[in-house]
Protein chains: 2
Amino acid sequence: MNAGRTARERARAELTEEIKGAARRQLATVGAEALSLRAVSRELGMVSSALYRYFPSRDELLTALIIDAYDALGEAAEAAAGGDDLLAEWVAIYTAVRDWARAHPQEYALIYGSPISGYKAPQTTVEPAIRVPLLLLGLLQRAQASGRLSPPSDAPEPSGLLAQQTEVLVPLAPDLPPAVLVRTVIVWTQLFGMLSFELFGQLVGSMDPADEFFESASRQMAAFVGLT
Amino acid sequence: MNAGRTARERARAELTEEIKGAARRQLATVGAEALSLRAVSRELGMVSSALYRYFPSRDELLTALIIDAYDALGEAAEAAAGGDDLLAEWVAIYTAVRDWARAHPQEYALIYGSPISGYKAPQTTVEPAIRVPLLLLGLLQRAQASGRLSPPSDAPEPSGLLAQQTEVLVPLAPDLPPAVLVRTVIVWTQLFGMLSFELFGQLVGSMDPADEFFESASRQMAAFVGLT
DNA sequence: CCTTGTCAAGAGCACTGCTCTCGATTCTGT
DNA sequence: ACAGAATCGAGAGCAGTGCTCTTGACAAGG
């Protein structure tokens with residue numbers, strides 16, 4: 001990817017990746033809020049001020065890590081997709097998301113935990129952020145096409161502002177009825193709410209370990225959106 | 001509450017409250033991770049080392065704030081309970097929880113956001129933390145008693161480890177069938193997942209503002225647990 | 001070759017949590 | 001009522017932080 005460039009530019013690209021790698025390693029051990037540029041520079045054997053040649057601020061480094069995290073999660077989820085049994089695929093996506101989150105709790109907290117104080121996520125993070133919900137919508141779309149989607153009769157038709165907001169989602173899955181789109185958002189929030197509760201320790205004392213609960217929830221949520 | 005004590009003890013109790021107040025004010029503006037003992041001490045016109053007479057560490061101060069936040073949220077939710085229409089009460093609890101969270105986003109992030117690095121929540125936080133789910137369980141219990149709870153036929157009976165874990169919840173609501181208990185946990189995670197998404201900016205571009213979506217979700221989740 | 005731009009290094013600023021010591025004040029047992 | 005014990009706020013100091021600015025070395029392109 002960096003074939004025809006000067007030695008300086010190749011060195012720069014390599015060092016940028018090394019910095020992100022070291023930052024990710026430190027992130028995994030001490031967490032996002034304790035991520036220290038000086039510690040990163042120490043690990044790389046350089047001086048802290050030199051890092052500012054590559055990332056103008058700590059926030060810019062965090063943004064890079066956030067985008068990488070969204071992409072890693074999206075990739076893990078997409079790798080679990082495919083196959084002919086749509087319900088099994090649904091559960092597999094849930095499991096892949098959970099597995100990634102449990103393997104990278106600090107990166108998960110970075111993207112789904114409390115926003116970092118004083119940090120404003122740039123627009124660039126939106127696209128990688130919606131890979132998982134997009135994947136679920138795509139699956140439901142395929143289910144709809146093959147007649148395997150039977151939206152429950154009690155799913156209320158959205159009206160008013162809610163119907164308006166649902167319109168925004170239509171281009172992402174044109175064939176799905178609005179009621180299913182709303183339920184998909186509900187299911188999406190449930191998935192990450194459940195995950196946050198597990199990772200952040202809110203389930204300790206009840207559903208911990210959450211393996212069985214998680215799978216039961218994934219199947220019940222599939223039924224909730226009409227996937228049988 | 002502090003009638004028959006010495007002047008020193010009364011002063012101590014008062015100052016402890018003042019410290020928490022100042023800390024809460026600072027929390028609201030700069031966030032939990034940027035909460036600085038020195039800034040708190042500055043606001044109170046005292047020296048930073050003096051704070052350590054009242055809270056042995058920053059973490060202890062955070063613990064106090066966390067417990068206060070759980071209690072404030074629990075109180076807000078409980079204040080919304082009551083009345084004879086159980087479904088309206090259910091929606092009112094949801095609304096009260098959301099209103100409190102939107103009014104105190106940093107305190108919400110403190111209790112439902114990413115865990116603070118290096119901070120281990122003590123057992124004392126568990127009891128105030130479960131006030132909201134307990135409230136929901138109580139409501140469902142009353143619905144069950146008055147015959148207004150009709151668990152959907154497709155709610156699967158928990159088995160294996162999940163059944164075992166569900167047992168733990170039985171003392172909290174002895175009359176509810178296990179399947180409803182599991183669904184209550186699902187609903188509980190959905191509520192706070194939805195809230196976190198709204199507050200942490202994950203819904204921007206789709207369901208934001210989330211008023212209508214939130215109410216629709218609260219009603220659909222009521223139906224999901226069998227409340228009609 | 002030599003100018004121009006890029007680089008790491010180092011010193012320094014203002015901040016953080018936390019510890020320790022020092023008098024001064026207040027409480028308590030006699 | 002008074003002496004000893006406990007508690008208090010103040011201040012200095014330690015090791016760490018993000019970030020800025022300056023300095024001198026090096027590589028790239030004309």
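Just so we're on the same page: letters track the sequence lines, and every chain starts at 1. Just so it is clear, the values below take in all heavy atoms, side chains as well, and ignore hydrogens, waters and symmetry mates.
- Following rounding to the nearest Å, B:Phe55 (CZ) and C:dG17 (P) show an atom-to-atom distance of 14 Å.
- Side-chain contact between B:Ile111 and B:Glu107 is absent, with no heavy atoms from C-beta onward closer than 4.5 Å.
- The distance from atom CG of A:Leu15 to atom P of C:dC7 is 10 Å, rounded to the nearest whole Å.
- Checking side-chain atoms of B:Arg102 against main-chain N and O of B:Glu198 turns up no donor-acceptor pair under 3.5 Å.
- Ring planes of B:Tyr108 and B:Tyr112: tilted class, angle from 30 to 60°.
- Heavy atoms from other residues, nucleotides or ligands lying under 6.0 Å from CD of B:Glu127 number 12 at most.
- Atom CD in B:Glu33 sits roughly 19 Å away from atom P in C:dC15 (whole-Å rounding).
- For B:Thr125 (side chain) and B:Pro122 (main-chain N/O), a donor-acceptor pair under 3.5 Å exists by modelled atom type.
- Remark: C1' of C:dC7 and CZ of A:Arg10 are 17 Å apart, rounded to the nearest angstrom.
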Check residues 39-48 of chain A and write down every donor-acceptor pair under 3.5 Å in which the side-chain atom is one partner and the other belongs to a residue at least two apart or another chain.
| from | atom 1 | to | atom 2 | distance (Å) |
| --- | --- | --- | --- | --- |
| A:Ser41 | OG | A:Arg38 | O | 2.7 |
| A:Glu43 | OE2 | A:Arg25 | NE | 2.8 |
| A:Glu43 | OE2 | A:Arg25 | NH2 | 2.8 |

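- A:Glu14 places its CD atom 17 Å from the C1' atom of C:dA8, with the value rounded to the nearest Å.
- Scanning for side-chain contact (heavy atoms from CB on, under 4.5 Å) contacts around B:Ala11 gives an empty result, with sequence neighbours left out.
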Only pairs under 3.5 Å count here: list side-chain donor-acceptor contacts from residues 204-214 of chain B, not counting sequence neighbours, and write none if there are none.
| from | atom 1 | to | atom 2 | distance (Å) |
| --- | --- | --- | --- | --- |
| B:Ser206 | OG | B:Leu203 | O | 3.1 |
| B:Asp211 | OD1 | B:Arg98 | NH2 | 3.3 |

- prompt: Once each nucleotide of nucleotides 22-27 of chain C is scored for protein heavy atoms under 4.0 Å, what B/S/- sequence comes out, 5' to 3'?
  reply: ---BBS

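- When the C1' atom of D:dG9 is taken as reference, atom CZ of B:Arg12 falls 13 Å away, rounded to whole Å.
- Residue pairs that meet the side chain to side chain donor-acceptor pair (under 3.5 Å) test with at least one member in residues 128-140 of chain B, sequence neighbours left out, are B:Asp71-B:Arg131, B:Glu78-B:Arg131.
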message: Counting primed atoms plus P, OP1 and OP2 as sugar-phosphate and everything else as base, spell out the protein contacts along nucleotides 12-20 of chain D at 4.0 Å heavy-atom distance: B, S or - for each nucleotide, 5' to 3'.
response: -B---BBBB

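- Between the CG atom of B:Leu51 and the P atom of C:dC20 there is a distance of 17 Å, given to the nearest Å.
- Atoms OH (B:Tyr54) and C1' (C:dC18) sit 18 Å apart, rounded to a whole Å.
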